[in-house]
Amino acid sequence: MKKDYYKILGIPYNAKIEDVKKAYRRLVHTCHPDIAGNTPEIIEKFKEITEAYETLSSPQKREQYDSIMKLYKYADNETQEKPKKTKEAKKEEPKEEQEPVKPKKENTFSKMREQAKTVHNKNIFSDFIKGLIKNSKPKQKKYTPPKIDGKDITTHVTLSLEEAINGTDRIVNILHMETCEKCKGRKFINGSVCPSCGGAGEKSKYNKLTVKIPPKVKQGSKIRVEGEGNKGYNGGKRGDLFLVINIENAQDIQYDGLDIIRTIPIAPYEAVLGGFISFEMNGETIKMKLMPMTYSGQKYRISEQGLEKDGIKGDLIVTIKIDLPKKLSKEEIELYERLKAISKRSVRES
Ligand SMILES: [Zn+2]
């Protein structure tokens, strides 16, 4: 006789899946080898409990198990009340014979069952039962657990201005949930909670991934990398990976078609005197001439230093911002004092 999983979990035959789970959780608290003691009997008992839970908590496995149990009961009844059952078996025989007779089908079901019972090899018996279930219920719908898509993962990526303008290949380290390698997602090993994943059946793992970041990305924009999120369940598809773009000094860059608009700070004396200034752009140094008396917000256009598309190059538009020093030396302050003293014109007089 096969083990009665319902008795093992102490639940009725019509118990709902929640009751199965509740009963199992209760038993884990009292019968787990870590709690009840690591004796062979307790380990064996807990193995049975886990086996019972795994079967009864899966609607598919439970249905199969219930069918087998029904056949066992049927077989037991038959041996007790042989005459009655043989009559029934005979009743069914004409039906069978209407079909083209195959030599092996001459055996009635009950004879086959008798044979199976005498064979003490469990595998042969269960294979035989499986065959019976398949043959007797060909049209029955199989239970398929619902597909669950994997969750998306969001991570932040910081780019330099140059990387944001030109695009780049960025290696990102993404924390994925993966099936536990030790227990293969089964949560238990020999009746004990898997020490590797703590019974979760899955573990988080870092994966390195190279992501191509296209040129001209904007501050705060999201780049979607399909299928690089967490894994799905029951055939559900993988989630996506989203990279949220953070650009260093993002406030200093804008785009207008192929033109790049950059804000460049200058010192107050550069604004007054003019002269050459230089700054970094696309990995090269750009030198430009400032006119004397350049004001804050004044724009300079440098041709063909913008983005390139189909052989056409945009311009770089420099917006000037007069940057006041946060800290001045004693000498600088003295010079400003002197400048104040000798200045004849007030800025508030016309
Ligand atoms: Zn595990």
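All ligand and atom numbering here is 1-based and tracks the order in the structure.
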task = List, by chain and then residue number, the residues other than Ile333 in its hydrophobic cluster (Ile/Leu/Val/Met/Phe/Trp/Tyr, side-chain heavy atoms under 4.5 Å); write none if there are no others.
result = Leu328, Tyr336, Leu339
ask   = In the shown structure, where waters are left out, how many protein N, O or S atoms lie under 2.8 Å from the Zn ion (ligand 1)?
value = 4
inquiry  = What I'd like to find out is whether the side chain of Thr179 reaches to under 4.5 Å of the side chain of Lys231, using heavy atoms alone.
reply    = yes
Under 3.5 Å donor-acceptor pairs involving side-chain atoms of residues 181-200, not counting sequence neighbours:
{"from": "Lys184", "atom 1": "NZ", "to": "Glu181", "atom 2": "O", "distance (Å)": "2.9"}
{"from": "Ser196", "atom 1": "OG", "to": "Lys203", "atom 2": "NZ", "distance (Å)": "3.2"}

More than 12 heavy atoms from other groups under 6.0 Å of NZ on Lys21 = no
note = With sequence neighbours left out, the residues meeting side-chain contact (heavy atoms from CB on, under 4.5 Å) with Pro215 are none
query = Quick one: does Gln305's side chain have a donor or acceptor within less than 3.5 Å of a partner on Ile302's backbone?
reply = no
